[in-house]
Participant: 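First the structure, then my questions, so here it is.
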Amino acid sequence: VIGLDITDSSSFFSGEVELDMKEACVLLGISESTLRRRIREGKVRYRKPNGKDYRFKRKDILKRA
C-alpha cells in the first residue's frame with residue numbers, strides 16, 4: 001500500500017503554486033525554447049524575483065500557454 005498525503009493538496013491545485021522554467025515545461029510538455037518564445041510573444045505571464053530566474057503561476061501557465 002502506498003500512502004498519499006492530501007492534506008496540502010489544495011495549495012497544489014489552487015493555481016497559486018509557482019513553477020520554475022523546467023517545471024513549467026514539464027507541465028506543458030514543451031521545450032524550454034518554446035516556452036521562452038511564448039514569453040517573448042507575451043503569451044505567458046511570469047515574474048523574475050531575482051532578476052534572473054523565471055517564475056510562473058501554475059494557473060497562468062495552464063490558462064495562457
Side-chain angles (χ1 to χ4, degrees):
V1 176
I2 298 175
L4 178 62
D5 181 10
I6 60 170
T7 57
D8 199 23
S9 62
S10 63
S11 66
F12 179 77
F13 292 107
S14 71
E16 293 302 318
V17 172
E18 282 202 339
L19 308 172
D20 62 19
M21 178 71 75
K22 183 177 179 180
E23 293 167 329
C25 290
V26 169
L27 178 64
L28 295 172
I30 61 175
S31 68
E32 190 172 313
S33 60
T34 299
L35 183 53
R36 288 182 185 277
R37 184 178 69 247
R38 291 180 182 180
I39 291 168
R40 282 193 307 272
E41 294 170 348
K43 294 181 178 180
V44 178
R45 295 178 65 179
Y46 66 91
R47 68 183 196 96
K48 286 183 160 182
N50 61 3
K52 180 180 173 186
D53 299 320
Y54 288 96
R55 293 290 183 260
F56 310 91
K57 286 187 179 180
R58 186 177 186 277
K59 69 178 181 178
D60 291 337
I61 287 290
L62 293 175
K63 179 172 47 173
R64 296 180 159 260

Participant: Apply the test side-chain contact (heavy atoms from CB on, under 4.5 Å) to residues Val44 and Asp60: give CA-CA distance (whole Å), side-chain angles for both, the deciding distance (0.1 Å), then the verdict.
Facilitator: CA-CA 7 Å; Val44 178; Asp60 291 337; over 6 Å; no
Participant: Under 3.5 Å, sequence neighbours excluded: what are the donor-acceptor pairs made by side chains of residues 23-34?
Facilitator:
from  : atom 1 : to    : atom 2 : distance (Å)
Glu23 : OE1    : Asp20 : N      : 2.9
Ser31 : OG     : Ser33 : OG     : 3.1
Ser31 : OG     : Thr34 : N      : 3.2
Ser31 : OG     : Thr34 : OG1    : 3.0
Glu32 : OE2    : Arg36 : NE     : 3.1
Glu32 : OE2    : Arg36 : NH2    : 2.8

Participant: Can you list the residues that meet the salt bridge (charged side-chain N to carboxylate O under 4.0 Å, His left out) rule with Arg47, with sequence neighbours excluded?
Facilitator: Glu18
Participant: Apply side chain to side chain contact (heavy atoms under 4.5 Å, CB included) to Lys52 and list each qualifying residue two or more places apart in sequence or on a separate chain.
Facilitator: Asn50
Participant: Decide yes or no on side-chain contact (heavy atoms from CB on, under 4.5 Å) for Phe56 and Leu35, but give the supporting numbers first.
Facilitator: CA-CA 11 Å; Phe56 310 91; Leu35 183 53; 3.9 Å; yes
Participant: What are the two closest non-hydrogen atoms of Met21 and Ile39, and how far apart are they?
Facilitator: CE-CD1, 4.1 Å
